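I have placed the structure first, in the form of structure tokens, so that the comments after it can refer back to it.
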Amino acid sequence: DSGVTQTPKHLITATGQRVTLRCSPRSGDLSVYWYQQSLDQGLQFLIQYYNGEERAKGNILERFSAQQFPDLHSELNLSSLELGDSALYFCASSVALGQHYEQYFGPGTRLTVT
Amino acid sequence: KNEVEQSPQNLTAQEGEFITINCSYSVGISALHWLQQHPGGGIVSLFMLSSGKKKHGRLIATINIQEKHSSLHITASHPRDSAVYICAVPQGSQGNLIFGKGTKLSVKP
């Protein structure tokens with residue numbers, strides 16, 4: 001158990017809908033990363049927050065947004081869902097910013113868009 | 001060209017065999033991560049290393065920063081080692097990772 005929690009574990013929804021994925025980092029970790037794993041693209045970085053502020057952005061679609069709240073939990077919002085958004089979404093946390101910190105991954109949310 | 005290349009893509013071994021998975025990267029980094037993903041989907045961090053060698057149980061990771069190459073070794077492999085092993089490197093100063101495509105390992109009893 002990494003100490004990172006994600007809810008829900010599974011989500012099945014229809015095209016055009018909007019969903020919210022939630023992540024609670026390990027106690028004491030200030031940095032949260034969101035990653036997407038799809039069959040064709042593999043694992044890709046979406047967005048990163050540190051202590052409530054957005055710090056880095058990757059291949060995140062405009063239909064997707066995220067935020068980190070004062071209690072450090074983070075939410076990833078996906079809207080106008082398309083079939084291609086079906087994927088595993090992971091969040092990871094680390095104690096601080098930078099290349100030298102280990103990242104701890106949550107169990108993931110499996111999103112299926114039908 | 002993918003910035004992180006892993007080989008082999010697939011590996012089948014007999015229980016007890018010594019296994020090596022290789023990772024090459026093209027970006028300058030100061031640390032490299034080895035991750036394990038089990039069939040259920042969860043990702044576990046195995047190692048983060050920036051030089052030399054690290055050992056944890058039957059797993060050994062090495063890195064050569066000058067040659068931009070890392071290897072993950074599994075000694076006395078066991079069927080429970082069957083998983084996808086993923087190499088990842090930080091893309092920028094914030095630490096966000098870019099990933100290899102993974103090596104799918106299957107260890108037969």
Side-chain angles (χ1 to χ4, degrees), chain A residues 1-6 9-11 23 26 29-51 53-60 66 86-112, chain B residues 1-7 9-10 21 23 25-52 54 56 59 61 63 65 68 70 72 83-104:
Chain A
D1 184 0
S2 67
V4 179
T5 61
Q6 287 188 250
K9 260 192 165 167
H10 302 275
L11 200 44
C23 167
R26 286 188 331 151
D29 284 0
L30 299 177
S31 191
V32 170
Y33 304 80
W34 284 98
Y35 297 100
Q36 178 196 56
Q37 186 178 37
S38 60
L39 280 173
D40 53 342
Q41 298 285 337
L43 271 161
Q44 289 192 103
F45 166 66
L46 293 178
I47 197 163
Q48 179 202 9
Y49 282 83
Y50 176 76
N51 204 18
E53 289 188 14
E54 181 188 306
R55 296 303 296 260
K57 228 170 180 174
N59 298 324
I60 187 164
S86 296
L88 259 172
Y89 291 85
F90 290 100
C91 81
S93 72
S94 65
V95 66
L97 285 176
Q99 294 198 358
H100 294 278
Y101 297 98
E102 193 158 354
Q103 293 186 26
Y104 298 88
F105 284 77
T109 293
R110 188 176 294 276
L111 173 66
T112 303
Chain B
K1 184 182 187 294
N2 199 19
E3 291 175 284
V4 182
E5 300 272 358
Q6 280 185 243
S7 63
Q9 264 188 289
N10 293 282
I21 298 169
C23 175
Y25 52 92
S26 57
V27 296
I29 62 164
S30 53
L32 178 142
H33 300 247
W34 280 103
L35 310 170
Q36 180 192 56
Q37 186 170 30
H38 274 285
I43 293 176
V44 174
S45 176
L46 297 175
F47 295 102
M48 189 188 73
L49 67 166
S50 53
S51 66
K54 279 191 175 180
H56 186 242
L59 272 59
I63 188 168
I65 291 283
K68 295 185 177 172
S70 176
L72 177 68
V84 176
Y85 292 84
I86 302 167
C87 170
V89 301
Q91 186 170 30
S93 59
Q94 309 299 326
N96 49 286
L97 298 174
I98 53 174
F99 302 86
K101 292 189 187 302
T103 294
K104 186 172 181 180

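Protein chains get the first letters and strands the later ones, always in sequence-line order, with residue 1 at the start of each. Computed from a prediction, not measured in an experiment: that's the story for all the values here.
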Below 3.5 Å only, please: all the donor-acceptor pairs between chain B and chain A, one per line.
{"unit_1": "S30(B)", "atom_1": "N", "unit_2": "Q99(A)", "atom_2": "OE1", "d": "3.0"}
{"unit_1": "S30(B)", "atom_1": "OG", "unit_2": "Q99(A)", "atom_2": "OE1", "d": "2.7"}
{"unit_1": "S30(B)", "atom_1": "OG", "unit_2": "H100(A)", "atom_2": "NE2", "d": "3.2"}
{"unit_1": "Q37(B)", "atom_1": "OE1", "unit_2": "Q37(A)", "atom_2": "NE2", "d": "2.9"}
{"unit_1": "Q37(B)", "atom_1": "NE2", "unit_2": "Q37(A)", "atom_2": "OE1", "d": "2.8"}
{"unit_1": "S45(B)", "atom_1": "OG", "unit_2": "E102(A)", "atom_2": "OE2", "d": "2.8"}
{"unit_1": "G92(B)", "atom_1": "O", "unit_2": "Q99(A)", "atom_2": "NE2", "d": "3.3"}
{"unit_1": "Q94(B)", "atom_1": "O", "unit_2": "Y33(A)", "atom_2": "OH", "d": "2.9"}
{"unit_1": "Q94(B)", "atom_1": "O", "unit_2": "Q48(A)", "atom_2": "NE2", "d": "3.2"}
{"unit_1": "Q94(B)", "atom_1": "O", "unit_2": "G98(A)", "atom_2": "N", "d": "3.3"}
{"unit_1": "G95(B)", "atom_1": "O", "unit_2": "Q103(A)", "atom_2": "NE2", "d": "2.8"}
{"unit_1": "L97(B)", "atom_1": "N", "unit_2": "Y35(A)", "atom_2": "OH", "d": "3.2"}

#### Entry: Contacting moiety of L88(A), where chain B heavy atoms sit under 4.5 Å
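Side chain of L88(A) only, per the 4.5 Å heavy-atom cut-off to chain B.
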
### Query
Is it the side chain or the backbone of I86(B) that comes within 4.5 Å of chain A heavy atoms, both, or neither?
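Side chain of I86(B) only, per the 4.5 Å heavy-atom cut-off to chain A.
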
### Query
Under a 4.5 Å heavy-atom cut-off, does chain A meet the side chain of I43(B), its backbone, both or neither?
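For I43(B), the contact with chain A is made by backbone and side chain together.
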
